[in-house]
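Single-structure report; data block below.
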Amino acid sequence: MDDRTRWDARYRNGAYAERPWPSTFLEQNIVALPSSGGDGSHGHDKALDLACGAGRNSVFLAQHGFTTQGIDISAAAIAAGSAYACQVKTKVAWRCQNLLEQTGGKNLGRDPIHDLGHFQLIILFRFVAPGLLTHLMDHLLPGGHLMVEEHLQHDLGEQIVGPRNPDFRVAPNALLGEVEAASQSFDVIEHFAGLVAEPSGEKAAVSRLWVQRHL
Ligand SMILES: C[S@@+](CC[C@H](N)C(=O)[O-])C[C@H]1O[C@@H](n2cnc3c(N)ncnc32)[C@H](O)[C@@H]1O
């Protein structure tokens with residue numbers, strides 16, 4: 001079964017329907033990000049949410065003044081996100097796309113969003129895409145922010161949520177290494193690897209990286 005079919009089936013079976021709240025990492029830091037503020041009006045700052053799923057973070061960003069584009073491989077996820085955005089009277093642009101363009105099982109290494117221009121904010125939450133972060137730095141405007149949160153490699157001995165397959169988890173310095181491979185210079189605002197409490201009360205092992213491209 002390919003990724004699209006598998007994720008479509010998960011979303012059609014109600015995956016994440018019970019999790020409309022935004023990521024804690026994003027929510028806690030939204031006031032420090034560009035945009036026109038939390039009054040619900042749409043500003044001119046552009047945000048990109050990659051592997052956006054059912055849109056919890058895309059909608060949150062739109063509600064905080066970003067003109068937001070969400071991208072996900074799953075049409076079922078995009079349909080759920082679109083319905084959620086309508087329900088809360090918010091506008092998000094959606095695109096259904098495979099971000100891991102592959103041939104014969106090999107990642108082609110091309111920039112999958114080469115046609116998309118530049119953004120004040122790019123987020124990638126809980127989707128491991130080796131090599132993608134290096135391309136994303138090219139899509140940040142000067143002063144733009146990149147925020148990433150991935151499940152962290154962990155012995156999973158405790159009650160840790162998230163994927164059991166280590167391919168879907170990252171090593172503690174992997175995210176920073178990918179950003180450092182880009183040609184742009186940047187400041188690290190936050191770099192964290194460890195345990196966090198999920199809003200559900202469960203525990204997750206995560207790697208978080210937040211950088212700002214130099215002006
Ligand atoms: C764990 S979910 C995270 C969703 C969202 N970022 C969030 O934090 O709620 C992973 C997402 O990656 C998407 N995905 C999986 N493979 C993908 C691919 N090759 N290209 C784009 N999206 C993909 C899935 O459809 C799913 O929505």
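In listed order, ligands and their atoms are each counted from 1. This structure is a prediction, so every number in the text was calculated from the model and none was measured.
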Can you list the ligand 1 atoms lying under 4.0 Å from a non-hydrogen atom of [X]?
| X | result |
| --- | --- |
| Leu99 | 18 (C), 19 (N), 20 (N), 21 (C) |
| Gln97 | 20 (N), 21 (C) |
| Asn98 | 18 (C), 19 (N), 20 (N) |

Test your reading of the model: is there a side-chain donor-acceptor pair from [X] to the backbone of [Y], 3.5 Å cut-off?
| X | Y | answer |
| --- | --- | --- |
| Gln212 | Gly143 | yes |
| Arg169 | Gln153 | no |
| Asp8 | Ala76 | yes |
| Ser82 | Ala80 | no |
| His139 | Gly117 | yes |

Tell me which protein heavy atom sits closest to [atom], plus the residue, atom name and distance to 0.1 Å.
| atom | answer |
| --- | --- |
| atom 4 (C) of ligand 1 | Ala51 O, 3.3 Å |
| atom 14 (N) of ligand 1 | Ile73 CG2, 3.5 Å |
| atom 11 (C) of ligand 1 | Asp72 OD2, 3.8 Å |
| atom 15 (C) of ligand 1 | Trp7 NE1, 3.3 Å |
| atom 1 (C) of ligand 1 | Tyr16 OH, 3.1 Å |

Exercise for the section: Tell me which part of Phe127 gets within contact of ligand 1: side chain, backbone, both or neither, using heavy atoms under 4.0 Å. Expected result: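 It is the side chain that gets close, since no backbone atom is under 4.0 Å.
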
Fill in the blank from the handout: Honestly, for Ser23 the part within reach of ligand 1 (heavy atoms, under 4.0 Å) is neither

What do you reckon, does [X] have a nitrogen or oxygen under 3.5 Å from a nitrogen or oxygen of ligand 1?
| X | value |
| --- | --- |
| Ser74 | no |
| Arg126 | no |
| Arg56 | yes |
| Cys52 | no |
| Asp49 | no |

Handout entry: Under 3.5 Å side-chain donor-acceptor pair for Asn57 and Ser23
Key = no

Exercise for the section: Go through the side-chain N and O atoms of Glu198 and Ser200 and say whether any donor and acceptor fall under 3.5 Å apart. Expected result: no

Handout entry: Nearest non-hydrogen partners of Trp94 and Ala85, listed with the distance
Key =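 Heavy-atom minimum between the residues: CZ2-CB, 4.1 Å.
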
Exercise for the section: Give the C-alpha distance, both sets of side-chain angles, the deciding distance and a yes or no for salt bridge (charged side-chain N to carboxylate O under 4.0 Å, His left out) between Asp49 and Arg56. Expected result: CA-CA 10 Å; Asp49 181 7; Arg56 62 183 183 136; over 6 Å; no

Practice task
May I ask you to say whether Asp115 pairs ionically with Arg95, meaning some side-chain N is under 4.0 Å from a carboxylate O?
Solution key: yes

